[in-house]
Structure formats: C-alpha cells, structure tokens
Amino acid sequence: MLTNTKRVTRGLPTIVLALFAGGAAVVGSYAASGYTPSFVVAPVAALVAATTPDVVIRYAITVLGDLGEQLHLVAAVALSIGGIGAVAAASIALGRRLHNRALPVILTTAGTWIVVVALTGDPGSATAGAASAGAVVLVAAVVPALPVGTDVDPARRRVLAGGLAFLGLGAVGYALARRRPAATDELGADSPGTSPARRQALLDEAAAKSLDVPGLEPLVSEEFYQVDVNAVDPSVEAASWSLSVTGAVDEAVTVDYEQLRAMDATDRFETLRCVGESLNGKKMDTALWTGVPATDVLERAGPHSDCGCVMLRAADGYFEEFPLAALDDALLAYGMNGRELPRAHGHPVRVLVPGHWGEINVKWVTELEVLEREATGYWEKRGWHGTGPVRTVAKLHAVGQRRDGSDVVGGHAYAGTRGIDRVEVSTDGGATWDDAELSDPIPGIDVWRQWRYAFDHRGGDAEVVVRAIDGTGRRQPRAESGAFPNGPSGWVSKTI
Ligand SMILES: Nc1nc2c(c(=O)[nH]1)N[C@H]1C(S)=C(S)[C@@H](COP(=O)(O)O)O[C@H]1N2
Ligand SMILES: [Mo]
C-alpha cells in the first residue's frame with residue numbers, strides 16, 4: 001500500500017513537471033519566431049485542421065465563428081504542450097530508472113529539438129524551444145538537491161522549481177516576442193499611376209461621404225475582418241516574393257516585387273465579403289487598395305485555356321480555381337489604405353477579384369496557373385460554392401436614438417459589381433416599406449454603400465426589416481438560408 005501511494009504522488013509531479021517543460025518549449029519557440037509558421041504551434045494547428053472532418057469545420061465556421069478559430073488555436077497549443085511534455089515525461093522516467101540525473105535534461109533537450117525542427121523546419125525555433133524545455137528539467141533536477149527547507153517533499157520541490165523556471169522563461173519569452181515591430185510601412189511614392197497625395201484624397205473623400213450614424217463603421221472599415229485556412233499567417237518578405245504565370249501559356253512569366261512596383265498601378269475601393277459569414281455578420285469590409293491590373297502580368301504570358309479557368313496558389317498552401325475571365329478586372333494589390341499590405345491581408349501581394357466572394361481574393365499569392373481542365377479549389381473540395389458572384393445584402397448594424405427621441409437605424413448594403421440602387425426599410429415587420437437614405441458612391445466597381453433611416457416610434461416595439469435592390473433592379477430575395485454552401489440569404493430584421 002505504502003509503495004503504491006508513493007508511486008502515485010511521484011507519477012503526478014512528473015507529469016506536471018513534464019507539462020511545464022512542454023509549455024516552456026512552446027514559449028521558447030514563440031520567443032524565437034513570433035507568431036509565424038516557425039512557431040511550433042503553427043504546423044500543429046495545420047495538422048489539426050487537416051485531420052478535422054469537413055462537417056466539424058463547417059459547424060465551426062457557420063455556428064461558432066470566431067470562437068471556432070480560438071478553439072482551434074487552443075487545441076493546437078494544448079497538443080504542442082502535451083506532445084513535447086510526453087517527450088519530457090519519457091526522459092524523466094528513463095533518467096529515474098537508470099538513476100542518472102543528467103539524462104532527463106539531455107534527452108528532453110534533444111527530443112524537443114528533434115520534434116520542433118521536424119514540425120517547423122526551423123533550427124532557430126527548435127533551439128530556443130529545446131533550451132527552454134531543457135532548462136525547466138535542469139532547474140527541477142538541481143534545486144531539490146540544495147540543502148534548504150528539507151522538510152518539503154523532494155518531488156514537490158522539483159515541481160515547484162520546474163514551475164518557477166517555466167514562469168521565468170515565460171516572462172522572458174513574452175518580453176522577447178513583444179519587442180518585434182509590427183510591419184506595415186507607408187506605401188511611398190515609387191509606383192507610377194498612384195501617389196500618397198492621391199490615396200489620401202480618396203481616403204478623405206470616403207470619410208466625408210460616410211453617413212453619421214452612432215456605432216456605424218465608416219465607408220472604409222476601421223477593422224478589416226480576416227479569414228484564413230491556417231491559424232498562423234505566412235510571413236513573406238517582399239524581397240523574396242515572386243509571382244509566376246504557368247500552365248497553358250505561350251511562355252511562363254515570373255515577376256518579382258520590384259518589377260511589380262515599377263508597373264502602372266491604380267487605387268480603388270473594393271469590398272470583400274466571406275461566403276461563410278452569417279446573414280447579418282461582420283465579415284464584410286471595404287478598403288482602398290493599390291495594385292497592378294492582373295491582366296498586365298497575365299498578357300505577358302499569353303494564356304490559352306480550353307476550360308477558360310485558372311488556379312491561384314499561395315504561400316500558405318491555399319489554392320482556388322475560378323473562371324479566367326474573372327481576372328479581367330482583378331488587381332494584384334500591394335497596398336491597403338495607403339500603407340503596405342499588412343501580413344494578415346496577404347503581404348506582400350494579394351489578388352482582388354471584383355464582385356466575387358472573398359475566398360478567391362487569394363492572399364500571399366505566388367502562382368497563377370492557367371488550366372486546360374477544370375479543377376477544384378480548397379473550399380470547393382470541402383463542399384462550398386464560394387467562387388461565384390456575391391449575393392445582395394443589406395445589414396443592420398447600428399441602432400440609435402437621436403436627441404429629439406426619434407430612432408435612427410443604419411448599416412451597409414452590398415451587391416458586388418451590380419452595385420446598390422436602393423435600400424428599403426420597414427418598421428412594422430414588413431407590412432409597409434420606405435426608402436432609406438444612401439451614402440454617395442465612392443470610386444470603385446465593387447463597393448458597398450451605407451444606408452440610414454430615421455423614424456419615430458413612441459412606446460412599443462418596432463420590428464425593423466431591411467432589404468436592398470441591386471443595380472440591375474433585382475430585390476434581395478426573402479427566402480432564408482444559412483451560409484453553407486453558397487452564402488447566407490434572407491432579409492435582416494431586428495426588434496427595437
Ligand atoms: N492564401 C489565402 N488566401 C485567402 C484565404 C486563405 O486562407 N489563404 N482566405 C480567403 C477567404 S475565405 C476570404 S473571405 C478572404 C478574406 O480576406 P481578408 O482576410 O483580407 O479579409 O481571403 C481569401 N484569401
Ligand atoms: Mo471566406
């Protein structure tokens with residue numbers, strides 16, 4: 001009985017200590033690489049995504065939304081800590097069995113290095129992670145041997161020392177990782193066809209045309225949504241980036257960043273919307289983009305496709321197929337709101353395809369492959385139909401009261417390249433309708449508009465319903481559907 005309890009109390013501290021070592025490895029890897037693909041959690045998250053059934057991913061996107069992404073990351077962190085923790089636990093157990101105090105430190109360090117380098121391919125990340133994990137085990141081995149507080153159980157002391165070492169390393173790692181500068185530089189003036197003054201004038205125009213409704217985002221989004229297949233974005237240097245046009249072409253062509261920046265560029269507003277968002281969701285945003293018409297690069301290669309289709313590929317392994325003709329008005333964008341394209345949105349270059357769902361606006365783009373035969377893109381392999389034109393939508397995001405007691409409601413309306421003609425509002429659940437006020441259009445062929453509607457309702461509830469009419473005169477359909485597979489449908493309504 002006695003030996004049995006001893007084993008239990010011993011086994012538990014070993015696991016706790018091993019998890020501290022695993023945690024330290026994750027922190028060390030983060031300190032060395034930051035939130036990049038070299039961070040050990042990044043490939044683990046990719047593994048989680050690749051092995052999660054499509055229905056679960058669909059549920060996470062359409063029902064859980066951002067929470068789903070957070071759970072994905074938490075699972076990847078837990079798996080990373082657990083995996084390296086298992087290496088540490090085995091090392092500690094072996095050292096104990098062989099009565100060797102150095103073995104756990106050596107094996108934990110070596111084992112962690114091998115695991116992290118195998119996952120990330122980055123020796124720097126592996127070395128920082130391995131040193132941190134090894135340090136926790138080392139401190140835990142050395143401290144209990146010191147002749148202080150001998151009344152404390154050595155196993156407990158070991159865990160306590162390991163925990164303190166973990167906390168110390170965590171603080172240092174956090175400080176190191178925080179020092180990294182967030183890089184989005186001013187775009188500068190070195191491209192023909194665009195200039196800082198012109199971009200500022202456009203941004204000022206959008207600000208001036210934005211409707212003043214409390215709580216309503218202006219025409220240029222203050223916070224642009226982000227959707228990625230990976231938990232951690234690739235970090236692509238402009239200097240090492242290039243784009244190749246391959247496949248069914250007269251001659252394959254490659255342009256690098258410097259060559260692209262030397263080409264004639266344009267600035268235009270464009271709205272993006274994710275096919276997987278909810279009807280009144282927030283994954284729809286607008287920015288001022290700067291870039292080169294995609295056809296200027298495509299034409300150099302001379303595409304001749306039998307299917308009239310193209311596959312775009314990106315540095316994160318993402319790929320999407322769609323009609324070649326969709327690239328006619330597309331932009332190879334390197335600027336966003338007058339600054340360099342941020343990493344989260346595809347630095348250094350992304351594609352912007354007017355009128356289509358967000359998913360074919362490929363970020364970190366590296367290749368345009370002109371196809372001979374139809375192929376299937378990343379999301380289409382998972383059952384989505386998100387390469388086509390966007391659906392018409394009017395959102396209701398702002399509900400406020402004016403000083404005089406009247407109510408004001410507002411939102412954004414979007415119909416891709418069809419444009420928004422009108423937005424109608426009902427305050428009696430759809431019995432009667434009235435036209436909302438619209439913001440003036442801003443330059444672009446694929447931009448949203450804001451709408452605003454003021455009304456009086458003293459006492460009682462008002463059921464506000466909104467619907468948009470696109471530039472072809474077609475009213476947004478009333479039939480309701482969820483996001484899967486080709487975008488949410490229906491009229492947004494809210495009781496106020
Ligand atoms: N390389 C790459 N491009 C991508 C994605 C991605 O995961 N990887 N996500 C797509 C999806 S689903 C959408 S909705 C838009 C979102 O663009 P944003 O993150 O800049 O808002 O990017 C698209 N381009
Ligand atoms: Mo999307």
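For ligands, and for the atoms within them, numbers begin at 1 and follow the listed sequence.
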Practice task
Using distance alone, decide if ligand 1 has a nitrogen or oxygen within less than 3.5 Å of any nitrogen or oxygen in R273.
Solution key: no
Fill in the blank from the handout: The atoms of ligand 1 lying under 4.0 Å from a heavy atom of C274, numbered in the order shown, are 14 (S)
Completion exercise
re atom 19 (O) of ligand 1, the protein heavy-atom contact at minimum distance is K363 NZ, 2.5 Å
Completion exercise
If we number the atoms of ligand 1 from 1 as shown, the ones under 4.0 Å from a heavy atom of V362 are 3 (N), 24 (N)
Exercise for the section: Report the C-alpha separation of T271 and T286 in whole Å, then their side-chain angles, then the decisive distance to 0.1 Å, and conclude whether the side-chain hydrogen bond (donor to acceptor under 3.5 Å, both in side chains) test is met. Expected result: CA-CA 4 Å; T271 303; T286 300; 2.7 Å; yes
Problem - Atom indices of ligand 1 within 4.0 angstrom of V229 heavy atoms, with elements - result: 7 (O)
Handout entry: Within-4.5 Å side-chain heavy-atom neighbours: L243 and T366
Key = no
Exercise for the section: Flag this pair as yes if the NZ/CZ of R467 is under 6.0 angstrom from the six-membered ring centre of W433 and inside a 45 degree cone about the axis; otherwise no. Expected result: yes
Fill in the blank from the handout: Rounded to the nearest 0.5 Å, the CG atom of D421 sits from the CZ atom of R449 at a distance of 7.5 Å
Exercise for the section: Decide yes or no on ring pair (Phe, Tyr, Trp, His ring centres under 6.0 Å) for W289 and F224, but give the supporting numbers first. Expected result: CA-CA 13 Å; W289 308 91; F224 205 101; 5.6 Å; yes
Practice task
Test V425 against V464 for side-chain contact (heavy atoms from CB on, under 4.5 Å), laying out the working first.
Solution key: CA-CA 7 Å; V425 181; V464 180; 4.0 Å; yes
Handout entry: Atoms in ligand 1 with a heavy atom of N361 nearer than 4.0 Å
Key = 22 (O), 23 (C), 24 (N)
Completion exercise
Counting from 1 in the order shown, the ligand 1 atoms closer than 4.0 Å to a non-hydrogen atom of F224 are 21 (O)
Practice task
Find all atoms of ligand 1 within a distance of less than 4.0 Å from any non-hydrogen atom belonging to Q226, and give their numbers and elements.
Solution key: 19 (O), 21 (O)
Practice task
With heavy atoms only and a cut-off of under 4.0 Å, state how D316 meets ligand 1: side chain, backbone, both or neither.
Solution key: side chain
Exercise for the section: Could you check atom 11 (C) of ligand 1 against the protein and tell me its nearest heavy-atom contact, residue, atom and distance included? Expected result: E359 CA, 3.5 Å
Problem - Derivation and outcome, side-chain hydrogen bond (donor to acceptor under 3.5 Å, both in side chains), residues R261 and S191 - result: CA-CA 6 Å; R261 289 294 301 263; S191 294; 3.0 Å; yes
Problem - R350 near ligand 1 by a heavy-atom separation under 4.0 Å - result: yes
Handout entry: Derivation of the side-chain contact (heavy atoms from CB on, under 4.5 Å) call for W379 and V229
Key = CA-CA 9 Å; W379 287 115; V229 296; 3.7 Å; yes
Exercise for the section: Name the closest protein heavy atom to atom 4 (C) of ligand 1, giving the residue it belongs to and the distance to 0.1 Å. Expected result: Y318 CE2, 3.5 Å
Problem - Reported NZ-to-CG distance for the pair K395 and L216, which is rounded to 0.5 angstrom - result: 12.5 Å
Fill in the blank from the handout: Any heavy atom of E320 under 4.0 Å from ligand 1? The part involved is neither
Handout entry: Heavy-atom pair with the smallest gap, counting every atom of A76 and S80
Key = O-OG, 2.7 Å
Practice task
Tell me which protein heavy atom sits closest to atom 9 (N) of ligand 1, plus the residue, atom name and distance to 0.1 Å.
Solution key: V227 O, 3.1 Å
Exercise for the section: State the atoms of ligand 1, each with its element, that fall below the 4.0 Å cut-off from a heavy-atom position in W379. Expected result: 12 (S)
Problem - Atoms in ligand 1 with a heavy atom of G358 nearer than 4.0 Å - result: 13 (C), 14 (S), 15 (C), 22 (O), 23 (C)
Practice task
Working to the nearest 0.5 Å, report the span between OG of S210 and CG of D440.
Solution key: 10.5 Å
Exercise for the section: Would you mind telling me if ligand 1 is within reach of the side chain of Y225, the backbone, both or neither, using heavy atoms under 4.0 Å? Expected result: both
